[in-house]
Amino acid sequence: MAVHNADVAAIFNRLADLLEIEEANPFRVRAYRRAAQTIEDLPESLSGMIARGEKLSTLPGIGDDLAGKIREIVESGHLKAMDEVEARTPSTLAALTSVPDLGPKRVHMLHEELGIETLEDLTEAAAAGKLKELPRFSAAMEKKVLDELRRRGETEQRFRLSTAEDFAEALCTHLRTVRGIGEVVVAGSYRRRKETVGDLDILVTAKDGARVIDHFVGYEEVDQVLSKGTTRSTVILKCGIQVDVRVVPEESYGAALHYFTGSKGHNIAVRKLGMDKGLKINEYGVFRGEKRIAGRTEEEVYRSVKLPYIEPELREDRGEIDAAFAGTLPKLVALADIRGDLHVHTRASDGKSTLREMAEAARARGYSYLGITDHSKHATVAHGLDAKRLAAELDDIDRLNDELEGITLIKSCEVDILADGKLDLPASILKRLDYTVCAVHYRFDLDRDKQTERIIRAMDNRYFTILAHPTGRLLGERPGYAVDLERVMAAAKERGCFLEINGHPARLDLDDVRARAAKEMDIRIAITTDAHSTAGLGAIRYGVDQARRGWLEADDVLNTRPWPKLKAMLAR
DNA sequence: GCCGTTTTCGGCCCGACTGTTTTCAGTCG
């Protein structure tokens, strides 16, 4: 059984949770968490590194001990140290700390005093009124725990970025009506443009914090008020999303924005740099002793530790600080760099808009070209095109291109990769296309090796150009199919194929880490929308966000080029 | 458990809010 990075990270995280419940040395706990983070962010596989004899202890936060443990997990699928801890402290206890108000200390007590091991035990004990009897528990808390456990079944815990945007924008509009309000900005993972958002962190500048908070908790969408002070408050909206609002004075705006944008790892790293210079950095500013020396803008905060400004999408503690020092921060691709979309559908298959409508919408966005990629015949539910219907569409495109000014339609197709790795249409029609977008749409259940080989075999076809949504995941709905993307990328590189960042908010596939790995392998990426209507073209910005999180520059992205240049690149 | 130009021991980010509390621990971000 192959062991993946995510498996190793999960073991370390669980071990950290359990050690914390056992009240182990908190710094040891942190070391496991930090190692798990490093591993999650690692663009290459640990098993591959081990096979190549690379030293794992060169990775940040991984010393000789953890390197040995990683090797043990990768080689045996198992960690003895974990078994030993689990013998004392059942692994199921780790899940309990995800319940609000239950940290390691209380979970420890629940285990010791009531013998609780699982969420089910916890629900039972809470329902039986046993929690409130314990020291440092109360009836109110018991009720809160019960409510939370009930709520869990009903609402999902993370929201797609696009969904979070809907809630956030409405709430910000509400906040901006407060008298005396200054800035209103959504910070946190939302500002870092993470693909899903757990909660919203809203930063506000104002002199009168209490007034802002009163107005905030009075928002009609507020379902529960979890805390309410004069500078901060936490609520849960009716849609289930948690929102934190923080009010700071204007002179602290930059420091607070930096602080609340995170990520935590990035902040810690910056704060440490400050400490080295005898500075204290918190959400109110940068201080030397009692004296505030910076904090009005984020640029000031960075400048105080001799760093250039770092874009929010890069603030994940994945090497951006070192890059900033070295002057090698990427000049991130921007929405304005995109010259055309390469993956869209029309009514010919399962889209809602006509060729002409799509073309005009693309032109209105300032694009100079639009690649038409209706489904191929295997996608029967999507009215996929057979060779004959595709030929007819290509003729339509020719005719329309003669009429259209300022936009060129490009001939393409989203070709199904069949289960055996063949493409769904014959060469006789594929050769008429300028490029193809190839995708797996069924048989997600193949095992990892078979799925990987299926895709690589498809790439052997000279008409294969871009691999669409490489993992097939749908955020909040289904995980991707099992596939060895490292091998797929290496195969793409060899054959001159490309990968996609599909900007559809449910896909965002490739993800940030994989996109960066592709960049490092010198594989160019197409940022597309998979639009099924003219409105769908707007999703390009989510794709750009994901690309920026993957450190991509304009040159790394195929469709930042004018069509003639791009056409030459796509030819195999 | 990691780390190091102050390096093999002794550090390891910091503040707000809540209520377990009445002077502070626990939790969260």
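Here is the naming used below: chain letters follow the sequence lines, and residue numbers restart at 1 for every chain.
Among the protein residues, A:Phe27 comes within range of the nucleic acid bases, having at least one heavy atom under 4.0 Å from a base atom. Note on A:Thr231: only backbone sugar-phosphate atoms sit closer than 4.0 angstrom, heavy atoms only; bases stay farther off. Here A:Met141 lies in heavy-atom contact (under 4.0 Å) with a base. Within 4.0 Å (heavy atoms only), A:Lys144 reaches no atom of the nucleic acid at all.
In terms of heavy-atom proximity, A:Leu485 sits nearest to A:Pro470 at CD2-CB, 4.0 Å.
Between the P atom of B:dT18 and the CD1 atom of A:Ile213 lies a distance of 10 Å, rounded to the nearest Å. Rounded to a whole Å, the CD atom of A:Glu142 is 12 Å from the P atom of B:dT20. Between the CG atom of A:Asp17 and the C1' atom of B:dG1 there is a distance of 16 Å, given to the nearest Å. Whole-Å rounding puts the A:Glu20 CD to B:dG1 P distance at 15 Å. A:Asn282 has its CG atom 8 Å from the P atom of B:dA16, to the nearest Å. Atoms NZ (A:Lys272) and P (B:dG11) sit 15 Å apart, rounded to a whole Å. B:dC12 atom P lies 12 Å from atom CG of A:Asp276, rounded to whole Å. Rounding to whole angstrom units, NZ of residue A:Lys132 and P of B:dG19 are separated by 17 Å.
When the side-chain contact (heavy atoms from CB on, under 4.5 Å) test is applied to A:Ile39, the partners found at least two apart in sequence or on another chain are A:Asn5, A:Val8, A:Ala9, A:Phe12, A:Leu46, A:Ile62, A:Ile70.
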In the 5'-to-3' direction, what one-character label does each nucleotide of nucleotides 2-8 of chain B receive under the scheme B = base within less than 4.0 Å of a protein heavy atom, S = sugar-phosphate only, - = no such atom?
SS-----

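Phosphate contact (OP1/OP2 of B:dG19, side-chain N/O of A:Ser138, threshold under 4.0 Å): absent.
The gap from the P atom of B:dG1 to that of B:dT6 amounts to 28 Å, rounded to the nearest Å. Going from the C1' atom of B:dT8 to that of B:dC3 covers 10 Å, rounded to whole Å. To the nearest whole angstrom, the two C1' atoms, one in B:dC14 and one in B:dT7, are 26 Å apart. Comparing the same atom, P, in B:dC28 and in B:dT20 gives a spacing of 15 Å after rounding to whole Å. Taking atom P in both B:dT21 and B:dG26, the straight-line distance is 12 Å, to the nearest Å. B:dC17 sits 15 Å from B:dT23 when the C1' atoms are compared, rounded to a whole Å.
A salt bridge is absent between A:Asp545 and A:Lys194; no separation between the charged side-chain nitrogens and carboxylate oxygens falls under 4.0 Å. The pair A:Glu84-A:Arg88 does not count as a salt bridge, with every side-chain nitrogen at least 4.0 angstrom from each carboxylate oxygen.
Of the residues near DNA chain B, A:Val29 and A:Ser227, the one whose nearest nucleotide (by heavy atom distance) lies more toward the 5' end is A:Val29.
In a base pair of the Watson-Crick type (N1 to N3 plus N6-O4 or O6-N4) or a G-U wobble (N1-O2 and O6-N3), with each distance short of 3.5 Å, B:dA16 is matched with B:dT27.
A cation-pi arrangement is absent between A:Arg292 and A:Tyr284, since the terminal nitrogen or guanidinium carbon is not both under 6.0 Å from the aromatic centre and inside a 45° cone about the axis. In this structure, A:Arg34 forms no cation-pi arrangement with A:Tyr32, as its terminal cationic atom is not both closer than 6.0 Å to the ring centre and no more than 45° off the ring axis.
Tested against A:Glu316, the residues A:Arg192, A:Gln37, A:His266 include a single side-chain hydrogen bond (donor to acceptor under 3.5 Å, both in side chains) partner, A:Arg192.
Using modelled atom types, no side-chain atom of A:Asp7 and backbone atom of A:Val3 make a donor-acceptor pair closer than 3.5 Å.
By the 6.0 Å contact criterion, CG on A:Asp64 is open, its count of non-hydrogen atoms from other residues, nucleotides or ligands being 12 or less.
For the 3.5 Å distance criterion, the side chains of A:Glu86 and A:Ser91 qualify, holding a donor opposite an acceptor.
A:Leu134 has its side chain within reach of A:Leu114: a pair of non-hydrogen atoms, C-beta onward, lies under 4.5 Å apart.
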Protein-nucleotides 25-29 of chain B N/O pairs under 3.5 Å:
| from | atom 1 | to | atom 2 | distance (Å) |
| --- | --- | --- | --- | --- |
| B:dT27 | OP1 | A:Gly103 | N | 2.9 |
| B:dT27 | OP1 | A:Arg106 | N | 3.3 |
| B:dC28 | OP1 | A:Asp101 | N | 2.9 |
| B:dG29 | N2 | A:Tyr259 | OH | 2.8 |

